[in-house]
Amino acid sequence: MGVEGLMLVGGLLVLVGTASSKFSSRFGVPLLLLFIGIGMLAGAEGIGGIGFTNYHFAHGIATLGLAIILFDGGLRTSLPEVRPAMAPGIVLATFGVLITTGVVGLAAVSFFDMSWLQGLLLGSIISSTDAAAVFTVLRGGGLNLPKRLTSTLELESGLNDPMAIFLTIGLLEVLTGGMEIGSDLGLLFLRQMALGAIIGIGSGRLTVWLVNKIDLDAPGLYPVMTLASGILAFGVAGQLGGSGFLAVYLAGIMVGNARIAFQRGVMLFMDGAAWLAQITMFVLLGLLSSPTRLLGVAGSAILVTGVLIFIARPLAVFVSLAPFRFKVRELSLISWAGLKGAVPILLATYPLLVRYPSSETLFDVVFFVVLLSTTAQVWTLPILARWLGLDAEGAPVPPVALEITSVKHLGGDIVDYPVAAGSRVAGRRVRDLALPDDAVIAMIARGRHVVPPRGSTRIHVDDHVFFVVVPEVRPLVDRLFTQDTDEPSDLPLDTEFPISGNTTVAEIEEFYGITVDAAPSRSLDEVLRSHLGTRLENGRGIRLGDVKLRVREVHNNRVTQVGMELVSPD
């Protein structure tokens with residue numbers, strides 16, 4: 001097949017995969033199954049008749065695709081949000097992988113004619129959860145789980161790939177006589193994790209500096225530079241003997257938690273790149289499969305899947321997370337959310353690359369396990385979450401940020417907030433909103449009409465309110481447009497927000513869900529003056545329950561701007 005033919009087939013497969021995502025969202029078919037199914041239909045035993053057995057090429061493309069997906073996942077990982085889940089996520093991504101590997105290895109030795117090392121190799125290959133599958137289900141599948149639960153699952157999926165890859169490569173080296181169990185494996189682990197972490201964090205910080213320092217003529221080059229830096233971090237770590245997957249994920253976290261030029265454009269570009277990587281990777285892996293060979297290993301693969309889902313994964317979760325005070329229903333959901341995807345299939349190509357005996361059978365078993373577990377878990381995960389009472393109904397639609405590309409270092413965003421029924425601002429006049437300082441309404445879109453925002457303008461359901469807002473006060477404005485429920489405030493702790501001194505305690509409690517231990521009718525200025533008397537100096541403050549109020553600006557002995565900060569009860 002010539003270049004034109006390859007481009008025709010590749011473009012057609014990606015186009016079909018992209019268009020079929022609509023079918024997936026409508027009928028609930030897991031995207032992994034859909035894209036792999038397209039690849040299988042196009043394969044040698046499908047209607048496409050494409051004979052593809054180049055495992056080296058598939059391994060390279062899948063590695064690149066997974067690196068892009070992990071980089072995008074890191075970009076969207078907010079450190080303040082995942083900090084409470086950092087310890088459980090890391091323990092589950094390391095110790096949990098070891099437990100899963102051991103249990104599946106024991107089952108493989110019992111079920112099949114395998115040695116201990118061969119059984120552990122199978123266990124290590126299918127031990128990790130898949131970042132692409134987890135990110136897709138949690139961020140795009142309509143599930144609204146508690147933040148700590150979501151963060152734990154996302155961190156685990158991003159961080160457990162290096163551990164599974166280390167175990168797979170290490171066990172293959174031992175099986176092929178390349179190293180000894182013990183100190184060699186220990187040194188390999190330390191080198192991969194240490195170098196991966198150092199290079200990832202350093203590369204991410206360097207990327208932030210470069211993107212903000214270099215004045216590129218074309219705004220479209222900033223996303224390209226950012227993606228190239230992530231791939232570079234992967235390559236450098238791999239060349240030096242570190243974990244490229246750990247490096248690229250940490251580099252993404254460093255970049256995503258910093259303020260960079262054209263940040264929204266970078267995020268949109270990476271979202272498209274991650275989708276393209278996911279479609280290409282799954283379709284290509286589908287081309288590698290053989291339905292006839294899969295049927296031949298169906299019996300043994302079903303046994304392995306049962307052990308993995310019902311014994312190994314729950315045991316790993318309950319043992320690893322025992323010190324972290326998760327509820328039983330939360331642990332049950334985490335156990336069921338150990339979604340498999342491209343990573344186990346990618347790892348199953350490693351034995352093929354070194355031509356290890358029976359590696360083709362091992363690949364087929366892993367492929368079947370992934371298909372079966374994905375079918376069982378992705379479809380039933382939302383049902384289980386609702387049955388356990390962990391899926392919150394009516395979560396607000398996240399706001400859409402519009403990037404200003406004419407000014408490089410604006411330091412703010414234009415954000416479009418849709419007004420849903422039950423929103424805190426619905427039916428309110430603009431002048432009655434307790435808006436934070438550094439947040440200004442620029443425009444209100446109502447249907448096809450533009451409504452100039454005046455103090456008397458009333459905000460209606462289905463309006464789109466466009467704000468000019470600095471990043472520091474975004475959480476407060478986000479809170480204004482959430483559902484008006486009795487749920488506690490989810491604003492970040494230990495972050496000070498600038499609020500006008502004329503804002504009343506009642507407005508703070510009504511619009512932000514924050515309880516202030518003061519008379520509702522009093523303004524923040526009056527509250528501070530009553531406690532501080534004549535000592536109205538910038539920086540002085542008081543604590544009222546779980547809220548700190550600090551003087552930020554004083555004019556004519558009145559507090560014109562107040563710093564409001566939520567603090568932990570502890």
Residues Val97 and Ser127: closest non-hydrogen pair is CG1-OG, 3.3 Å
Check the pair Gln118 / Tyr356 against side-chain contact (heavy atoms from CB on, under 4.5 Å), numbers first and verdict last. CA-CA 11 Å; Gln118 291 172 330; Tyr356 184 74; 3.0 Å; yes
Name of the residue among Val354, Leu353, Leu352, Leu172 meeting side-chain contact (heavy atoms from CB on, under 4.5 Å) with Ser359: Leu352
To the nearest 0.5 angstrom, please state how far the CD1 atom of Ile68 sits from the CG atom of Leu227. 5.5 Å
Main chain of Phe189, side chain of Gln192: is a donor-acceptor contact present, judged purely on distance under 3.5 Å? no
Under 4.5 Å between any side-chain heavy atoms of Pro162 and Met193, yes or no? yes
Would you check, one step at a time, whether the test side-chain contact (heavy atoms from CB on, under 4.5 Å) holds for Leu121 with Met114? CA-CA 10 Å; Leu121 176 63; Met114 283 186 175; over 6 Å; no
Can you find a heavy atom in the side chain of Ile345 that is under 4.5 Å from one in the side chain of Ile36? yes
Face-on cation placement of Arg474 at Phe497 ring, 6.0 Å and 45° thresholds: no
Looking at every heavy atom in both Ile125 and Ala348, which two are closest together, and how far apart are they? CG2-N, 3.9 Å
Judged by atom type as modelled, is there a donor-acceptor pair below 3.5 Å linking the side chain of Arg191 to the main-chain atoms of Gly186? no
I'd like to know whether Ser128 forms a side-chain contact (heavy atoms from CB on, under 4.5 Å) with Phe245, so could you lay out the CA-CA distance, the side-chain angles of the two residues, the decisive distance to 0.1 Å, and finally the verdict. CA-CA 13 Å; Ser128 71; Phe245 292 104; over 6 Å; no
If only atom types and distance count, is the side chain of Ser358 paired as donor or acceptor with the main-chain N or O of Thr361 below 3.5 Å? no
The reported gap from CD1 in Ile61 to CG in Leu346 (rounded to nearest 0.5 angstrom) is 11.5 Å
Do the side chains of Phe318 and Ser332 get nearer than 4.5 Å, heavy atoms only? yes
Checking the side chain of Gln377 only, and the main-chain atoms of Trp336 only, is there a donor and an acceptor separated by less than 3.5 Å? yes
Does the Gln263 side chain pair with the main chain of Ala258, one donor and one acceptor, at a distance under 3.5 Å? yes
Distance-minimising heavy-atom pair for Pro88 and Thr152: CG-OG1, 4.2 Å
Residues in side chain to side chain donor-acceptor pair (under 3.5 Å) with Thr280, at least two apart? none
For Val547 and Thr515 the tightest heavy-atom approach is CG2-O, 3.7 Å
Are Leu321 and Leu92 side-chain neighbours, meaning at least one heavy-atom pair lies under 4.5 Å? yes
Check: Ser203 side chain, Gly200 main-chain N or O, donor-acceptor pair, under 3.5 Å: no
Asn160 and Thr129: side-chain donor and acceptor closer than 3.5 Å? yes
Quick one: pull up OG1 in Thr77 and CG in Leu159 and give me the separation to the nearest 0.5 Å. 8.5 Å
Pairwise side-chain contact, Phe234 with Leu64, heavy-atom cut-off 4.5 Å (strictly under): no
Can any side-chain N or O of Thr374 pair as donor or acceptor with the backbone N or O of Lys340 at less than 3.5 Å? yes
Asn257 side chain to Ile253 backbone, donor-acceptor under 3.5 Å: yes
Counting N and O atoms only, with roles assigned by atom type, does the side chain of Arg543 sit under 3.5 Å from a partner on the main chain of Lys548, one being a donor and the other an acceptor? no
For residues 285-308, the ring-ring contact (aromatic ring centres under 6.0 Å, His included) pairs (sequence neighbours left out) are none
Do Phe111 and Ser300 come within less than 4.5 Å of each other through their side chains, counting heavy atoms only? no
Answer whether the closest heavy-atom distance between the side chains of Ile309 and Thr305 falls below 4.5 Å. yes
Glu156 with Arg313: basic N within carboxylate O range, under 4.0 Å: yes
Around Tyr55, counting heavy atoms of other residues, nucleotides and ligands shown, do more than 12 lie under 6.0 Å from its OH? yes
Hey, does the side chain of Ser157 reach the backbone of Glu154 with a donor-acceptor pair shorter than 3.5 angstrom? yes
Using 0.5 Å steps for rounding, measure from the CG atom of Leu333 to the CG atom of Leu381. 5.5 Å
Do the non-hydrogen side-chain atoms of Leu98 and Leu167 ever get within less than 4.5 Å of each other? yes
Nearest 0.5 Å, please: how far is OG1 in Thr94 from CE in Met163? 6.0 Å
Nearest non-hydrogen partners of Gly286 and Phe367, listed with the distance: CA-CZ, 4.2 Å
Return the CZ to CG distance between Phe269 and Leu75, rounded to the nearest 0.5 Å. 11.5 Å
Given Met267 and Asp271, is the side-chain contact (heavy atoms from CB on, under 4.5 Å) satisfied, shown in steps? CA-CA 6 Å; Met267 300 297 282; Asp271 186 49; over 6 Å; no
Non-hydrogen atoms of Gly102 and Leu120 that approach each other most closely: CA-CD2, 4.0 Å
Listed by chain and number, what are the side chain to side chain donor-acceptor pair (under 3.5 Å) partners of Thr349, not counting sequence neighbours? His59
So, Thr207 versus Ser229: side-chain donor-acceptor pair below 3.5 Å or not? yes
Flag yes if more than 12 heavy atoms outside Arg329 fall under 6.0 Å of its CZ atom; otherwise flag no. yes
